[in-house]
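Right, one structure below, let's go through it.
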Amino acid sequence: MSSAATPRVVLLDIEGTTAPVSFVHKVLFPYARTHLARVMVEHSADPVVQQAVADIAKVAPGVPPLEQLERWMDEDAKVAPLKALQGLVWAEGYKRGALVARLYPDVVPELECWYRAGIELAVYSSGSEPAQKLIYGHTEQGDVTPLFSRFFDLRVGGKKEAASYSALVQDAGWQPHDVLFLSDVTAELDAAAQAGLRVCQIVRPEDGTVAGTEHAVAGNLIEAAHIFGLPVVGQA
């Protein structure tokens, strides 16, 4: 691929793309479920808690907030009140040292390579922006948040909706064709492609991701770099 066609921005999903699904589902989610009730009580005056409780009341009037949150957790629902409160719980866990984020081994070296080459890096995840920053701020490799220029969450819209990608591109001042979106979820890639972004599915064997047939497929970030003409770590 010619250098003129090289993406200027790489937009990354987290779960299944840069972090194993197992870290999210077997570490983060159980931790949030265990500590959510306590944190909501101890931080009842926190605006995040108050806003989440108000939002829950609008969606599920008459249902106790914790009961509704547990339903959403059972469903793995991508809803803002749950994501905000989970982020609050995780913040406490990271601060205590009870949580340390695990990223795939190719991620930090390749992101650092892209960053040094002037490629703009950003995140778009269903997890809240604070939760995203917590993950990248407390990795086994240390704080890697300085690599990213922007963090997008459900406030721009659902990840399976083309309008969300159009909104975030406009917000950032990017051109859609300059942006490469990496995700393991084909429905998200479909939406991003509809909005004019270039896309690539990251298929991690550990996560058991099933490769789609409509978009480029890579087993890791290094393979994606080769496909789209991005710099590759260790190569001049």
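Quantities reported herein were computed from a predicted structural model and do not represent experimental measurements.
Screening D13, D106, D184 against R204 for a salt bridge (Lys or Arg N to Asp or Glu O under 4.0 Å) leaves a single residue, D106.
The closest donor-acceptor contact from the side chain of S164 to the backbone of G158 lies under 3.5 Å.
Of all non-hydrogen atoms in A122 and F148, the two that sit nearest each other are N-CD2, 4.0 Å. Smallest separation of non-hydrogen atoms from D178 and R198: CA-NH2, 4.2 Å. Nearest heavy atom pair, residue P7 against residue I119, reads O-CD1, 3.4 Å. Looking at every heavy atom in both residues, A162 comes nearest to A195 through O-CB, 3.6 Å.
Using a 4.5 Å cut-off between side-chain heavy atoms of Ile, Leu, Val, Met, Phe, Trp and Tyr, with links allowed through other members, W114 and F152 fall into different hydrophobic clusters. A single hydrophobic cluster is seen to contain both F228 and L182, as judged by linkage of ILVMFWY side chains at heavy-atom distances under 4.5 Å, directly or through other members.
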* **Test side-chain contact (heavy atoms from CB on, under 4.5 Å) applied to V63 and R71, step by step** => CA-CA 11 Å; V63 179; R71 289 178 186 172; 4.1 Å; yes
* Asked: Does the pair V123 and D153 meet the rule for a side-chain contact (heavy atoms from CB on, under 4.5 Å), with working shown?
  -> CA-CA 8 Å; V123 179; D153 58 21; over 6 Å; no
* To do: Applying salt bridge (charged side-chain N to carboxylate O under 4.0 Å, His left out), run through R38 and E42 and close with a yes or a no.
  => CA-CA 6 Å; R38 174 185 58 78; E42 293 179 357; 3.0 Å; yes
* Asked: How far apart are the C-alpha atoms of H138 and V100, what are their side-chain angles, what is the distance that settles it, and do they pass the side-chain contact (heavy atoms from CB on, under 4.5 Å) test?
  -> CA-CA 6 Å; H138 299 82; V100 178; 5.7 Å; no
* When you look at Y124 and F151, which way does the side-chain contact (heavy atoms from CB on, under 4.5 Å) test go after all the steps? -> CA-CA 6 Å; Y124 182 25; F151 296 83; over 6 Å; no
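Taking 4.5 Å as the limit, some side-chain heavy atom of R102 sits within range of a side-chain heavy atom of P20. Looking at V27 and P30, their side chains never come closer than 4.5 Å, going by heavy atoms from C-beta outward. Looking at heavy atoms from C-beta onward, V156 lies out of side-chain contact with D171 at the 4.5 angstrom threshold. Looking only at side-chain heavy atoms (C-beta outward), Y104 and D207 come within less than 4.5 Å of each other. Taking 4.5 Å as the limit, some side-chain heavy atom of L180 sits within range of a side-chain heavy atom of C200. Within the 4.5 Å cutoff, the side chain of V233 has no heavy atoms near those of the E112 side chain. With contacts defined as side-chain heavy-atom distances shorter than 4.5 Å, the pair V179/Y165 does not qualify. Side-chain contact check for L111 versus L12: some heavy-atom pair is nearer than 4.5 Å.
Checked for salt-bridge contact, E92 and R96 meet the test: a charged N lies under 4.0 Å from a carboxylate O. Using a 4.0 Å cut-off between a side-chain N of Lys or Arg and a carboxylate O of Asp or Glu, R33 and D74 qualify as a salt bridge.
For the atom pair CD of Q86 and CH2 of W72, the computed distance is 11.0 Å after rounding to the nearest 0.5 Å. With rounding to the nearest 0.5 Å, the separation of OG in S44 from CD in Q50 is 7.5 Å. To the nearest 0.5 angstrom, L230 atom CG is 13.0 Å from R8 atom CZ. From Q132, atom CD reaches atom CZ of R150 across 13.5 Å, with rounding to the nearest 0.5 Å. Taking CG of L189 as the reference point, atom NZ of K160 lies at 11.0 Å (rounded to 0.5 Å). In this structure, the separation between CG on L99 and CH2 on W90 is 9.0 Å, given to the nearest 0.5 Å.
Within a 6.0 Å radius of CD in E67, other residues, nucleotides and ligands contribute more than 12 heavy atoms. Within a 6.0 Å sphere centred on NZ of K78, heavy atoms belonging to other residues, nucleotides or ligands number more than 12. Atom CD of E214 is surrounded by 12 or fewer heavy atoms from other residues, nucleotides or ligands within 6.0 Å.
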